[in-house]
Number of protein chains: 2
Amino acid sequence: MGTKVDLNPVLEELDGTSSLEDLERIAIAIRNKLEIDHIIYHWVDGAGDQYGCTTYSGAWEERYRERNYHRIDPVIIGCFQRFHPVDWKTLDWSGKVSKAFLQDALLHGVGNQGYSIPIRGPNGQFALFTVNHSCDDETWQEFTKTYGRDLILIAHFFNRKALEFESGRQPEQSRMLSPRELDAMTLLALGYSRAQVAHSLSISEHTLRVYIESARFKLGALNTTHAIATAMSRGLIVV
Amino acid sequence: MGTKVDLNPVLEELDGTSSLEDLERIAIAIRNKLEIDHIIYHWVDGAGDQYGCTTYSGAWEERYRERNYHRIDPVIIGCFQRFHPVDWKTLDWSGKVSKAFLQDALLHGVGNQGYSIPIRGPNGQFALFTVNHSCDDETWQEFTKTYGRDLILIAHFFNRKALEFESGRQPEQSRMLSPRELDAMTLLALGYSRAQVAHSLSISEHTLRVYIESARFKLGALNTTHAIATAMSRGLIVV
DNA sequence: TTTCCACTCCCCAAAAACAGCGAGGCGGGT
DNA sequence: ACCCGCCTCGCTGTTTTTGGGGAGTGGAAA
């Protein structure tokens, strides 16, 4: 962690990577180059991790998944609402569960310092790229200041590759809702009742219902609320 | 556009910027440094542009807004579904409206070459950073290859600043839903009916209703769907 | 200690959503 | 020319959700 390491070769390599194993190998290479404890890229999802590549211990990974820590992890909660990279120190660690979680993490080999970069892709995809280390605050600040921009780029490339590799599982094309359907979804998400939406769009409520139904069908949603949630998480509508 | 220009000073300056005018000034500076025709950062929204800073002619900007081009612009449509930066050549310009739009753009001083970087922030925010020029394909490919990474970083910083400036409108405190309420919201967002949610949480449906009501109240939502949408856009629940 | 808040349960009538059946016009692409 | 998707409107009936009430526990904070 002394003088600044040139990470351009890593980016070159990342750019040409075409397999998941390569990605993990590169992650470890970066960790070693930067002389830090851990480096984590993981793709977050409501249900749990979809994909990730981490240098944490297997025990911690498993525990994290088992206990559904992604729902209370202050790093995820915090990053989800921000755009900038986030130093773990600036997060909200008050609260009983947060403290317990932190304790548990430290016990499982997670370093006390962390720097996480939120990354977002199409369809509401959300991922985190994190570097983690054990050291004092000053050293860490120096580190993040030095490598901040490189880390943004690395995060970007990691996510690019992850999306490439995982693109097979979502053949669902977005942008498949018609303009009227999008209007309907948007207004519903804003809290209007069907009658109000119909009035807003100057159409009959019956017509509106057709839109909602077809949108629900297209999105594979079970009910209106689900359709709204799906549309939002796919980034089709913005509220 | 000859030898590569060092853009680090620009990034430094961007980082310290604290006003909108600075941002526009920097945009022009970058354009001049790179010796290209145009540079555009704009924030896209369901309704229209919320904020932007461009070097296009005022006439084109106005025409774009007036005609609601953001709903048919192949650059926006295309970038919205991707993560990588996009060269305009790789977009789908077939289709009658697309061609007409392109014609119109060229007539208003837009260059034939473009390179757009999609950027996404919290709450479904979506922005585009674009560089535009008039030249042949080879020159352009050279340019994008040379400056690709710098452009990603610049795009990132532009968006960071834009979010900072525009953040005033959402000072709402989050994280005020109780665990049970979050559970309820999450399951509802996944499409379960109240009966199913109640069963999942092993509580009576009546109790569940209390949660939904109190969550709705806390979020200031008009109905359940609105509550889900609000909770999602605040990042309280992830689906 | 008292006061708050989260959690649990209950009733009821009205509104909304769901699920199914129709119809016709308009525009674009094969 | 045709088909397909989008937009618009109509009807009926069942199921679910909603928005008001009220009431009691336990734990945590003030």
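A, B, ... follow the sequence lines: proteins, then strands. Residue 1 opens every chain. This one's a predicted model, so the numbers in the text were calculated from it and none came from an experiment.
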Tell me: OH of A:Y192 to P of C:dA16, nearest whole Å? 15 Å
Taking atom NE2 as the centre, does B:H84 end up with more than 12 heavy-atom neighbours from other residues, nucleotides or ligands that are less than 6.0 angstrom away? yes
B:F129 vs B:F158 aromatic rings, parallel, tilted or perpendicular, using cut-offs 30° and 60°? tilted
Is there, by distance only and without an angle test, a donor paired with an acceptor across the side chain of B:R180 and the base of C:dA6 below 3.5 Å? no
Contact class for B:L222 (heavy atom, under 4.0 Å): base, sugar-phosphate, or nothing? sugar-phosphate
Sequence neighbours left out, what passes salt bridge (Lys or Arg N to Asp or Glu O under 4.0 Å) with A:R82? Give chain and number order. none
Within residues 201-216 of chain A, residues whose heavy atoms come under 4.0 Å of DNA chain D: A:I203, A:S204, A:H206, A:T207, A:R209, A:V210, A:Y211
Can you list every side-chain hydrogen bond (donor to acceptor under 3.5 Å, both in side chains) pair that touches residues 204-215 of chain A, not counting sequence neighbours? A:E181-A:S214, A:S204-A:T207
Tell me, please, which residues at least two apart from A:Q113 pass side chain to side chain donor-acceptor pair (under 3.5 Å). A:K89, A:D137
Chain B reaches DNA chain D, atoms under 4.0 Å from its heavy atoms, from D:dT17 to D:dG20
Side chains of B:D87 and B:T90: any donor to acceptor distance under 3.5 Å? no
Ignoring backbone atoms, test whether A:R194 places a side-chain nitrogen or oxygen under 4.0 Å from the OP1 or OP2 oxygen of C:dA16. no
Looking only at atom types and distance, does a side-chain atom of A:N223 sit under 3.5 Å from a main-chain N or O of B:G191, one as donor and one as acceptor? yes
Under the ring-ring contact (aromatic ring centres under 6.0 Å, His included) rule, what pairs show up with a residue in residues 103-122 of chain B, not counting sequence neighbours? B:W60-B:H108
Taking OP1 and OP2 of C:dA6, is either one under 4.0 Å from a side-chain nitrogen or oxygen of B:K218? yes
